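For reference, the structure is listed below as structure tokens.
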Amino acid sequence: MIRAINVSKHYPGGRNVLQEIDLHLPKGQMAFLTGPSGAGKSTLLKLIARIETVSRGTLLLDGQDLAKLKRRHIPQLRRQLGIVFQDHKLLADRSVFANVALTLQVAGVRRAHIKSRVRAALDQVGLSGREQDSPLSLSGGEQQRVGIARAIVHSPKVLIADEPTGNLDPQLSSEIMDLFRNLNRHGMTLLIATHDLGQVERLDCPVYALQHGRLQNQEARP
Ligand SMILES: Nc1ncnc2c1ncn2[C@@H]1O[C@H](COP(=O)(O)OP(=O)(O)OP(=O)(O)O)[C@@H](O)[C@H]1O
């Protein structure tokens, strides 16, 4: 589902942030991306989301070469992809419902379908009945759940998450990771960048470890 072949990335005027990355995340798998701060985790996720483009090598998402993707086809790509950020990026002046609905509105989904799909997504993350609340009235863990509902409401094939538990205590982190595990059991492919080695140990998924822009284990463990 995600395939990187000899992928390198340098930002304009900068050094190589990612070097000769080979990675294969098959459909239906959940894997972690670990590594110290600055190792290149966010950059790799940004390449997969086509927020950034590869400098060398080939990056395929569901067989599609992301470097060859025309700008006008990027929205189509993003419909296959859910993205979860550490800092939620929720709109504070809109309700929980409106935040989650936004993904579908942008994708041009008809109004009649939006309500049921937003409700289903909020139900999946355990936030039924909170539709009209303001994100500001939610705890950090609940806000992250809204971020996840927003990322899955359009039923993406692949979910990428950048430090999704970065600000959460161990109990909430476990709840969020269990939520990801559950999505994975229902067929979603997930790549999760995290510093949280306790969760990595607990969940026993394959791990891609980055160090100074290089993968330490081109074959992920286990
Ligand atoms: N837009 C950019 N322009 C230039 N350099 C950048 C840019 N974005 C990231 N970098 C550099 O690339 C390197 C990798 O950054 P990246 O954010 O991918 O690391 P990370 O592993 O996600 O770190 P963290 O765990 O702290 O989020 C860092 O040295 C960073 O300064």
Side-chain angles (χ1 to χ4, degrees), residues 1-25 29-61 65-67 69 71 74 77-78 81-90 140-141 143-148 150-151 156 158-170 172-177 179-180 189-203 205-221:
M1 179 58 86
I2 300 175
R3 186 108 171 84
I5 305 159
N6 212 16
V7 164
S8 297
K9 171 69 183 175
H10 62 263
Y11 288 104
R15 63 188 170 81
N16 273 350
V17 171
L18 291 174
Q19 299 186 59
E20 296 161 9
I21 302 290
D22 281 310
L23 176 152
H24 182 208
L25 185 63
Q29 193 161 75
M30 170 165 155
F32 289 114
L33 186 61
T34 64
S37 187
K41 304 180 295 297
S42 301
T43 299
L44 183 53
L45 297 184
K46 283 178 188 166
L47 293 180
I48 294 166
R50 247 311 283 270
I51 295 168
E52 294 286 348
T53 47
V54 300
S55 306
R56 275 197 310 279
T58 306
L59 183 59
L60 305 170
L61 181 71
D65 186 337
L66 296 181
L69 195 68
R71 194 171 284 272
I74 291 178
L77 166 87
R78 301 254 168 85
L81 201 64
I83 308 175
V84 177
F85 304 95
Q86 176 181 353
D87 60 0
H88 324 304
K89 297 197 191 300
L90 299 178
Q143 289 182 25
Q144 189 54 292
R145 285 168 184 273
V146 177
I148 295 169
R150 184 186 52 193
V158 181
L159 190 89
I160 56 176
D162 198 356
E163 293 290 347
T165 62
N167 297 323
L168 304 179
D169 68 32
L172 287 175
S173 297
S174 293
E175 285 177 25
I176 296 292
M177 288 296 185
L179 192 54
F180 287 140
T189 307
L190 293 98
L191 183 60
I192 302 167
T194 185
H195 284 123
D196 195 339
L197 298 182
Q199 294 296 334
V200 171
E201 281 295 313
R202 190 176 72 85
L203 286 165
C205 295
V207 179
Y208 293 99
L210 273 173
Q211 182 102 31
H212 304 306
R214 287 187 184 273
L215 271 186
Q216 300 304 292
N217 49 343
Q218 297 284 8
E219 295 301 319
R221 175 184 69 80

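Every number for a ligand or one of its atoms is a count from 1 in the order of the listing. Small disclaimer: the values here were computed from a predicted structure and weren't measured. Along the sequence shown, residues are numbered consecutively beginning with 1.
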Looking only at protein heavy atoms, identify the closest one to atom 9 (C) of ligand 1 and say how far it is in Å.
-> Y11 CE1, 3.4 Å
Under 3.5 Å, N or O to N or O, is R15 touching ligand 1 that way?
-> yes
Can R145 and E175 be counted as an ion pair, charged N to O under 4.0 angstrom?
-> yes
Atoms of ligand 1, numbered as shown, that sit under 4.0 Å from any heavy atom of H195 | 25 (O)
Could you please spell out the steps behind the side-chain contact (heavy atoms from CB on, under 4.5 Å) verdict for H10 and V17?
-> CA-CA 5 Å; H10 62 263; V17 171; 5.8 Å; no
Under 4.0 angstrom from atom 30 (C) of ligand 1, is there any protein heavy atom?
-> no
For atom 25 (O) of ligand 1, what's the nearest protein heavy atom and its distance?
-> K41 NZ, 2.7 Å
Smallest separation among heavy atoms of I160 and A49, with atom names = CD1-CB, 4.0 Å
No-hydrogen, no-angle side-chain donor-acceptor test under 3.5 Å, S55 and Y11 | no
Report yes or no: does a heavy atom of A39 sit under 4.0 Å from some atom of ligand 1?
-> yes
What residue and atom, counting heavy atoms only, is the protein's closest point to atom 26 (O) of ligand 1, and at what distance?
-> S37 OG, 2.5 Å
Has P36 got any heavy atom lying under 4.0 angstrom from an atom of ligand 1?
-> yes
Taking atom types as modelled, is there a side-chain donor on S174 or Q199 under 3.5 Å from an acceptor on the other?
-> yes
Heavy atom under 4.0 Å from ligand 1: found in K46's side chain, backbone, both, or neither?
-> neither
Polar contact flag for T43 and ligand 1 (N/O pairs, less than 3.5 Å) = yes
In terms of heavy-atom contacts, does NE2 of H195 have more than 12 from other residues, nucleotides or ligands at under 6.0 Å?
-> yes
Do the side-chain N and O atoms of N16 and S8 include a donor-acceptor pair separated by under 3.5 angstrom?
-> no
Which residue holds the protein heavy atom closest to atom 13 (C) of ligand 1, what is that atom called, and what is the gap in Å?
-> V17 CG1, 3.6 Å
Hey, could you give me the NE2/CD1 distance between H24 and I5, rounded to the nearest 0.5 Å?
-> 9.0 Å
Could you walk me through whether T194 and L33 pass side-chain contact (heavy atoms from CB on, under 4.5 Å), step by step?
-> CA-CA 6 Å; T194 185; L33 186 61; over 6 Å; no
Report the nearest protein non-hydrogen atom to atom 27 (O) of ligand 1: residue, atom name, distance rounded to 0.1 Å.
-> S42 OG, 3.8 Å
Close approach of G38 to ligand 1, heavy atoms, under 4.0 angstrom | yes
Can you find an N or O of G40 that's nearer than 3.5 Å to an N or O of ligand 1?
-> yes
